[in-house]
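Below is one structure; the comments refer to it alone.
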Amino acid sequence: MPRVIELNVNGAARRVNASSERSLLSVLRDDLDLTGAKYGCGEGQCGACTVLLDGEAVRSCITPVSRAAGKRVTTIEGLEQDGRLHPLQEAFLETGAMQCGYCTPGMIMSGVSLLAKGANPNDAEIVHGMQGNICRCGTYPRIVAAVRMAGLHMKTQRRAS
Amino acid sequence: MTSELTRRDFLSALGGGVVVLCVVEAADAQESGRRARGGDARPQEISAWLHIGEDGMVAVYTGKAEMGQNIRTSLSQAVAEELHAPVASIRMIMADTDLVPYDMGTFGSRTTPTMAPQLRKAAAAAREALVELATSKWGVDRAAVQVADGRIIAAGRSAGLGELTGGQQLVHKIGADVTLTPAIEWKIAGHSVPKVDGRDMVTGRHRFASDVKRAGLLHGKVLRPVAFGAKLVNLDDAAAKQIPGVIVLREGEFAAVAAPDAATAERALSALKAEWKTEEGQPSDSQLFAYLKAHAEAGEDRQARGSIDQGLADADHKLSQTYTVAYIAHTPLEPRAAVAEWTGDKLTVWTGTQRPFGVREELAGAFGIPQERVRVIVPDTGSGYGGKHSGEAAIEAARLAKASGKPVKLVWTRQEEFTWGYVRPAGVIEITSGVKNDGRLTAWDFHNYNSGSSGAQITYDIPHHRILFHPSKSPLRQGSYRGLAATANHFARESHMDEIAQALHMDPLEFRLKNLKDERQRAVLLAAAEKFGWGKQKPEAGHGFGLAIGFEKGSYLAAGAEVAVEGGRPKIVRVVESFECGAVVNPDHLRNQVEGSVIMAIGGALFEQIRFENGRIVNPKLSQYRVPRFSDVPVIETVLVDRKDLAPIGAGETPIVGLAPAVANAIFQATGKRPRSLPMVV
């Protein structure tokens with residue numbers, strides 16, 4: 001059976017030894033101890049397992065690890081740079097966009113992918129872009145506000161630089 | 001904590017500083033504090049304690065569990081408020097049965113009304129003890145000593161909270177006789193302090209039970225019966241056992257596997273060849289309501305008033321209607337999960353549960369060992385909503401850990417969670433009412449079959465009323481849920497109120513006010529109606545407005561909804577909800593709970609329904625069981641009625657009850673058709 005022996009995760013080459021049909025989620029969580037991405041449904045319906053492959057949000061629970069080989073994998077653990085949170089992480093804190101926090105990593109990764117695509121999405125675009133992520137605590141309006149806030153912030157930063 | 005001895009050991013391990021033990025009366029100890037057992041019930045029990053270290057750090061020990069209701073933050077605020085210390089100096093040690101006093105569980109919205117005052121008293125007593133210490137050590141007048149921002153200050157001197165104890169441990173026991181700071185003077189409580197562990201949540205650092213890792217960990221999988229009631233007749237595990245590293249466990253009806261990684265465990269599970277004997281002829285959802293009626297017991301209403309016959313005789317109009325609610329699933333995003341580890345004859349389990357001590361008891365019972373040898377640790381949990389009272393995953397993981405001699409992680413799949421957890425009770429509700437031409441209600445005869453009695457009591461002033469709960473035989477395993485039966489009972493009652501108003505051609509707001517004397521109920525209704533703009537404008541074509549009020553677990557609410565119905569599909573456009581739970585402890589977190597409850601309620605109102613047939617759940621997947629998503633969310637406006645003159649009341653549940661009836665009433669106004677079942681079919 002073919003195996004995946006190396007993954008590029010959060011900017012570093014990580015050695016693994018996983019049969020290629022295993023889910024990316026299980027390799028990240030069980031082999032690399034990157035537990036930020038969560039299991040929620042196993043069928044790509046809830047978005048709790050969302051990570052980025054070359055900047056694009058994917059549901060890692062239904063993504064075979066072989067698909068991640070040779071690509072840049074970004075998980076929630078890789079967003080913080082030198083102790084500085086990503087603007088969307090900051091915005092989640094600012095808007096209090098969580099209750100139990102179980103959906104939060106997946107929400108943030110979906111949001112980061114959305115923000116990378118459209119610089120400054122409006123509410124309808126955010127709702128459309130985040131539709132695949134479930135928050136059972138019902139913090140959706142706050143998450144929309146957080147993505148909007150981060151979008152504005154990133155736009156201002158781009159202008160300044 | 002399991003015994004006086006270990007408690008003493010623990011206290012000595014804490015080292016110097018101040019320890020305050022909260023002592024509650026035995027009556028309260030039913031809920032928090034060591035449970036009184038048999039004949040050796042002690043009059044007073046310890047429910048919580050806190051320790052102020054010499055470094056000024058405050059450790060607070062409580063059996064309550066955090067699962068998104070933000071009590072880690074609100075309890076920190078309560079302690080910080082009375083100690084006059086920064087929130088950042090407070091560390092909450094929660095829901096670890098080896099470290100904290102017995103607690104019955106985190107349910108019924110009891111943390112804020114019951115646990116918070118005890119912790120506030122402990123903190124206030126600690127502060128006073130430190131003031132006394134400063135008085136004697138510094139030889140100053142008591143009135144000259146102040147505590148502010150975590151420091152004791154007097155006559156130009158200052159010391160950190162724990163400094164003055166000088167290596168000694170001062171132990172205080174406090175009871176009811178401690179003066180608390182009134183809400184009107186709060187500086188930390190009553191304010192929107194951010195979630196204390198928010199940063200761990202946004203960085204993925206927080207470890208939920210399913211994230212716990214141990215050396216040599218195996219992953220477990222349980223063989224589930226093909227249907228409810230199915231018996232395992234034969235198990236061929238030869239192929240599974242051939243897979244390297246796989247352990248197969250069979251104990252009676254229980255069969256499970258463990259393997260070094262989850263994929264191998266899944267492979268081993270599918271390699272098991274099982275033969276089941278199924279139980280045929282089990283009821284299905286299409287017969288549910290008739291089944292519940294057929295198996296109902298007689299009820300009893302100890303608070304009944306007057307005579308229903310008289311009330312109906314006094315009425316100008318009578319109305320009888322039936323309402324139904326389907327079973328729904330909690331669907332916490334973190335399914336049941338546990339990691340179990342045996343060290344010698346001691347068992348440690350990390351699991352997400354609302355009842356750590358209840359799960360400890362279940363585990364002790366399952367293995368026939370004393371509870372002292374079981375430790376249950378609850379990492380802050382990926383939500384529960386009443387769905388995580390039980391310890392199934394904990395027991396399963398512990399059985400596999402025992403058999404394999406290694407720690408075992410067991411995470412339920414979503415399908416297992418839908419199938420083998422428990423559901424919110426379905427129910428049938430029948431109401432017969434009588435009303436005068438002028439809108440005064442004369443009779444209220446209310447019967448709930450199976451779903452429960454919570455939230456059925458009325459705040460309307462009706463001379464003749466009877467509210468009966470008829471327990472029944474539930475085809476599915478049912479249990480607690482956020483607000484439990486209150487949603488069903490509010491849906492039925494507030495829909496029925498609208499039906500009467502409609503029959504009388506009265507405005508629904510005016511009709512409700514006419515029958516309400518309860519001032520708190522009137523206040524929230526008027527607050528919501530004002531914010532909604534009730535009576536100010538008519539809905540546009542295809543839209544409708546609806547109102548509902550609610551009262552449950554001591555708190556009051558009112559909701560107004562605007563719904564658009566297009567092509568038979570209702571879309572909730574706007575919701576206004578006013579909520580009153582005494583003095584508000586954290587306004588932003590309370591708003592978060594109200595908004596979240598409203599959104600969660602949309603699921604049960606419009607689309608959630610567990611379907612079942614012949615002992616099988618028909619829709620056990622998120623692709624088949626629709627929960628609210630981003631696009632379902634209306635504009636939500638919350639109005640918090642802050643009663644600083646009243647003690648704070650829990651708020652994690654009750655805000656869920658108003659949405660369904662307000663939406664039903666709006667759908668009626670939009671379409672002229674009255675939905676009488678949840679989920680609503682238009």
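This is a predicted model, so every value here is computed, not measured. Residue numbering restarts at 1 for every chain, and letters A, B, ... go by the order of the sequence lines.
Residue with the most contacts toward chain A among B/Asn592, B/Ile602, B/Val598, B/Leu622: B/Asn592 (heavy-atom pairs, distance under 4.5 Å). Ranked by heavy-atom pairs shorter than 4.5 Å toward chain B, the options A/Ile143, A/Asp31, A/Leu85, A/Leu79 are led by A/Leu85. When each of B/Glu66, B/Lys195, B/Met67 is checked for heavy-atom pairs under 4.5 Å with chain A, B/Lys195 comes out on top. The most heavy-atom pairs under 4.5 Å with chain A, out of B/Asp197, B/Thr331, B/Leu217, come from B/Thr331. The greatest number of non-hydrogen atom pairs below 4.5 Å with chain A, out of B/Arg482, B/Gln593, B/His206, is found for B/Gln593. When each of A/Glu80, A/Glu94, A/His86, A/His128 is checked for heavy-atom pairs under 4.5 Å with chain B, A/Glu80 comes out on top. Options A/Val127, A/Leu34, A/Val144, A/Asp33 differ in how many heavy-atom pairs under 4.5 Å they form with chain B, and the most are formed by A/Asp33.
B/Gln69 does not touch chain A: none of its heavy atoms, backbone or side chain, sits under 4.5 Å away. For A/Gln89, the parts lying near chain B are the backbone and the side chain together; criterion is any non-hydrogen pair under 4.5 Å. Contact annotation for B/Asp588: both backbone and side-chain heavy atoms come within less than 4.5 Å of a heavy atom of chain A. Heavy-atom distances place no part of B/Ser192 under 4.5 Å from chain A, backbone and side chain included. At a 4.5 Å heavy-atom cutoff, B/Phe418 makes no contact with chain A through either its backbone or its side chain. Proximity to chain B (any heavy atom under 4.5 Å) is restricted, for A/Ile108, to the side chain, taken from C-beta onward. Looking at A/Gln131, the atoms closer than 4.5 Å to chain B (heavy atoms on both sides) sit in the backbone and in the side chain alike. At a 4.5 Å heavy-atom cutoff, B/Pro194 makes no contact with chain A through either its backbone or its side chain. At a 4.5 Å heavy-atom cutoff, the contact between B/Arg205 and chain A is made by side-chain atoms alone. Neither the backbone nor the side chain of B/His589 comes within less than 4.5 Å of any heavy atom of chain A.
For the atom pair CG of A/Asn133 and CG of B/Leu333, the computed distance is 9.5 Å after rounding to the nearest 0.5 Å. If you take SG on A/Cys103 and CD on B/Glu334, they are separated by 12.0 Å, rounding to the nearest 0.5 Å. Within the model, atoms CZ of B/Arg626 and CD of A/Gln45 stand 11.0 Å from one another, a figure rounded to the nearest 0.5 Å.
At least one side-chain heavy atom of A/Glu43 sits less than 4.5 Å from a side-chain heavy atom of B/Lys621. A/Cys41 places none of its side-chain heavy atoms less than 4.5 Å from the side chain of B/Thr413. Looking only at side-chain heavy atoms (C-beta outward), A/Met98 and B/Val202 come within less than 4.5 Å of each other. Within the 4.5 Å cutoff, the side chain of B/Arg207 has heavy atoms near those of the A/Thr35 side chain. Side-chain contact between B/Ser210 and A/Arg29 is present, with at least one heavy-atom pair separated by less than 4.5 Å. Under the 4.5 Å side-chain criterion, counting only non-hydrogen atoms from C-beta, A/Cys135 is not in contact with B/Phe630. Put simply, the side chain of A/Arg136 reaches to within 4.5 Å of the side chain of B/Met600, judged on heavy atoms.
Here the shortest heavy-atom pairing between B/Gly198 and A/Leu93 reads C-CD2, 3.4 Å. Considering all non-hydrogen atoms of both residues, B/Thr381 and A/Cys100 come closest at O-CB, 3.6 Å. The minimum heavy-atom distance linking A/Cys137 with B/Ser383 is given by the pair SG-CB, 4.2 Å. Between B/Gly68 and A/Gln99, the closest heavy-atom pair is O-CB, 3.1 Å. Between A/Pro141 and B/Ile599, the shortest heavy-atom contact is CD-CD1, 3.4 Å. Here the closest non-hydrogen pair linking B/Val411 and A/Tyr39 is CG1-CD2, 4.4 Å.
Atom CZ of A/Arg84 has 12 or fewer neighbouring heavy atoms from other residues, nucleotides or ligands inside a 6.0 Å radius.
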Next on the checklist: Could you walk me through whether B/Glu595 and A/Arg142 satisfy the salt bridge (charged side-chain N to carboxylate O under 4.0 Å, His left out) test, starting with their C-alpha distance in whole Å, then the side-chain angles of each, then the deciding distance to 0.1 Å, before giving a yes or no?
Outcome noted: CA-CA 9 Å; B/Glu595 293 161 11; A/Arg142 286 160 182 257; 2.8 Å; yes
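A donor-acceptor pair under 3.5 Å links the side-chain atoms of B/Arg414 to the main chain of A/Gly40, judged by distance alone. Side-chain atoms of A/Asp30 do not come within 3.5 Å of backbone N or O of B/Asp261 as any donor-acceptor pair.
For the pair A/Glu90 and B/Arg199, the salt-bridge criterion is not met [side-chain N within less than 4.0 Å of a carboxylate O].
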